[in-house]
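Sequence lines set the chain letters: A, B, ... in the order given, protein chains first and strands last, and positions in each chain run from 1.
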Protein chains: 2
Amino acid sequence: MGKDTGSRGRRQSELSDGELEVLKVLWEGRSNTVREVMERLHASGRKLAYTTVLTFMNRLEQKGYVKSDKAGLAYVYRAKRSRELVTSTKLRAMVEQLFDGAAAPMVLQLMKSENFSRDEIEAFRKLIDELDAEG
Amino acid sequence: MGKDTGSRGRRQSELSDGELEVLKVLWEGRSNTVREVMERLHASGRKLAYTTVLTFMNRLEQKGYVKSDKAGLAYVYRAKRSRELVTSTKLRAMVEQLFDGAAAPMVLQLMKSENFSRDEIEAFRKLIDELDAEG
DNA sequence: GCGGGAGTACTACAAGTGTCGTAGATTCTT
DNA sequence: AAGAATCTACGACACTTGTAGTACTCCCGC
């Protein structure tokens with residue numbers, strides 16, 4: 001019953017939710033020791049143990065999202081991939097996954113479902129005009 | 001070394017990637033037995049064992065995304081949550097996760113990074129005008 | 001009235017994830 | 001230098017997810 005010796009069950013191993021939470025803090029900070037990141041997380045209401053944050057930082061490093069240098073006592077971490085890169089990668093994945101690669105329907109749905117202010121709408125229009133000008 | 005008897009490590013249990021793949025097929029189909037879903041997945045290049053598809057359908061049902069009725073021999077599944085609902089929920093989660101709740105920057109980034117055609121841009125402009133008119 | 005095929009239920013299991021505890025190393029304080 | 005405060009390394013463990021095998025059930029044709 002279910003010997004199951006084959007090799008199944010792997011995944012892509014990308015940025016996970018928890019790792020992203022930590023990475024976001026790294027993007028904001030300049031110095032970024034584990035303790036500082038933990039404190040900033042606590043400050044924004046996210047309570048995690050020191051070692052949990054450490055685990056995330058390590059995993060982020062293994063996955064190539066950050067790098068660390070020993071600065072005296074502790075390691076200091078810096079993001080290797082920018083927020084823009086990560087967000088656009090995630091957005092692209094979303095487009096593929098939910099809209100089969102068609103980004104326009106996604107934008108349309110967003111524009112419809114989110115309630116944007118006049119100012120925001122104006123910003124959209126402005127950008128559209130620019131894009132249109134370039135072609 | 002790490003007795004660790006506490007209760008940690010749970011998650012929200014939401015729609016997973018594999019489940020979504022199957023759900024997307026359900027959204028398209030009318031009849032939707034396990035076998036049919038599997039065949040349509042195969043047709044689009046996604047090879048999964050019958051029981052794997054079954055597992056996803058069951059998990060989808062447990063999570064409330066689909067319901068099933070025994071139609072003679074086999075169960076027939078129908079989606080309980082519409083594509084629109086699911087996509088907008090996922091999009092909202094994305095907005096929260098990546099843009100701290102601000103949808104406008106996400107739309108802007110999409111408009112910049114994806115290369116939209118004139119027609120698509122025209123569609124955006126049209127929608128914007130409508131939104132603007134309502135206000 | 002039974003064998004075969006379709007279908008479902010149950011089990012399994014590896015990798016990934018969230019969450020941390022503990023032990024050992026290093027450094028700061030007195 | 002002893003003890004305190006910090007850090008990191010390593011392990012641990014429950015739950016999820018992707019993926020599927022096996023066993024049991026039910027009906028159909030012979």
Per the under-4.0 Å heavy-atom filter, residues of residues 44-56 of chain B near DNA chain D come out as B/R46, B/L48, B/A49, B/T51, B/T52, B/T55, B/F56
- [ ] Examine the base of C/dG18 for any acceptor or donor lying under 3.5 Å from a partner atom in the side chain of A/R59, and report the outcome as yes or no.
- [x] yes
So CZ of B/F56 and OG1 of B/T51: to nearest 0.5 Å the spacing works out to 10.5 Å
Less than 4.0 angstrom from a charged side-chain N to a carboxylate O is my criterion; do B/D100 and A/R83 meet it?
yes
To the nearest angstrom, the CD-P distance between A/E14 and C/dA15 comes to 18 Å
CE of B/M94 to CG of B/L91, rounded to nearest 0.5 Å, is 8.0 Å
To the nearest angstrom, the CG-P distance between A/D17 and D/dC15 comes to 19 Å
List every contact pair, protein side and nucleotides 24-28 of chain D side both N or O, where the distance is under 3.5 Å.
none

Original post:
Are any non-hydrogen side-chain atoms of B/F124 and A/L108 less than 4.5 angstrom apart?
Top reply: yes
The correct set of residues in residues 28-43 of chain B placing a heavy atom under 4.0 Å from DNA chain D is none
Verdict with supporting geometry, A/E14 and A/Y65, side-chain hydrogen bond (donor to acceptor under 3.5 Å, both in side chains):
CA-CA 10 Å; A/E14 260 322 309; A/Y65 286 90; 2.5 Å; yes
When rounded to whole Å, the CD to P distance for the pair B/Q97 and C/dT17 reads 13 Å
